[in-house]
Amino acid sequence: MNHRLMKFVGRLQTPTLSTLRTLCSSSSPSNNKLFVAGLSWSVDERSLTDAFSPYGDINEVRIVYDKETGRSRGFGFVYFSKEDEARCAKDAMDGKAYLGRPLRISYALEKVRGAPLVVPRLRSASGRNK
DNA sequence: TCTGAGCGG
């Protein structure tokens, strides 16, 4: 039947499977990697680990710092061992204030080699997006 | 020093 399609697919480069998965998962990539923004500048990995520990097993916590000033950029990443734990932590901590700042938690975008990082827009400027 | 979007070390 569709062996022509399979032949066409076979001609393509196969290492784009992760890219295809990223593209097919339309809005919420639902990984065990959490993107945590809205952090206070005084938050470090230890504080984030202590804040997200009761929601699951954390593999790693990384906070992004500025290369020049060395200050925290106000966002970081939390790696859980299970995506259910990440979902629980996101549902529990998203929107709640931590050290005086409301947290914005989303699922982290997967860094794909050779592909430009496309950031989904959260808020539509003109309100046209529903 | 003050700074507040945002996907990386």
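Numbers restart at 1 for each chain; the letters A, B, ... are given by sequence-line order, proteins then strands. We use all heavy atoms of the structure for the numbers below, so side chains are in, but hydrogens, waters and symmetry mates are not.
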Tell me the interatomic distance from [X], atom [atom1], to [N], atom [atom2], rounded to whole angstroms.
X: Glu68(A); N: dT3(B); atom1: CD; atom2: C1'; answer: 15 Å
X: Asp66(A); N: dT1(B); atom1: CG; atom2: P; answer: 13 Å
X: Leu109(A); N: dG6(B); atom1: CG; atom2: P; answer: 13 Å
X: Phe75(A); N: dG4(B); atom1: CZ; atom2: C1'; answer: 12 Å
X: Asp94(A); N: dG6(B); atom1: CG; atom2: P; answer: 16 Å

Worksheet item: Is there a donor on the side chain of Arg101(A) or the base of dG4(B) sitting less than 3.5 Å from an acceptor on the other?
Response: yes
Practice prompt. Report yes or no: is there a donor-acceptor pair, N or O only, under 3.5 Å between the side chain of Arg73(A) and the base of dG6(B)?
Written response: no
Worksheet item: With syn defined as a glycosidic torsion within 90 degrees of 0 and anti otherwise, which applies to dG4(B)?
Response: anti
Worksheet item: Which part of the nucleic acid does Leu39(A) contact within heavy-atom distance under 4.0 Å: base, sugar-phosphate only, or nothing?
Response: base
Of the listed nucleotides [options], the one nearest the side chain of [X]:
X: Phe35(A); options: dG6(B), dT3(B), dG8(B); value: dG6(B)
X: Ala37(A); options: dG6(B), dT3(B), dC7(B); value: dG6(B)
X: Ser106(A); options: dC7(B), dT3(B), dG8(B); value: dC7(B)

Response to the item:
5'-most contact on DNA chain B (nearest-nucleotide basis), Ser40(A) vs Glu45(A), goes to Ser40(A)
Fill in: Residue whose closest nucleotide on DNA chain B lies nearer the 5' end, Ile105(A) versus Arg71(A)
Arg71(A)
Worksheet entry | N/O donor-acceptor pair under 3.5 Å between Asp66(A) side chain and Glu68(A) backbone | yes
Fill in: Asn32(A) side chain vs Phe80(A) backbone, donor-acceptor pair below 3.5 Å
yes
Item to complete: Please test Asp50(A) against Ser47(A) for side-chain hydrogen bond (donor to acceptor under 3.5 Å, both in side chains), starting from the C-alpha separation and ending with a verdict.
Response: CA-CA 5 Å; Asp50(A) 186 70; Ser47(A) 302; over 6 Å; no
Discussion item. Could you go through Arg87(A) and Glu85(A), starting from their C-alpha distance and side-chain angles, then the distance that decides it, and tell me whether this counts as salt bridge (Lys or Arg N to Asp or Glu O under 4.0 Å)?
Written reply: CA-CA 5 Å; Arg87(A) 187 185 301 267; Glu85(A) 298 172 346; over 6 Å; no
Practice prompt. Give a yes or no on whether the ring-centroid distance for Tyr107(A) and Phe35(A) is below 6.0 angstrom.
Written response: no
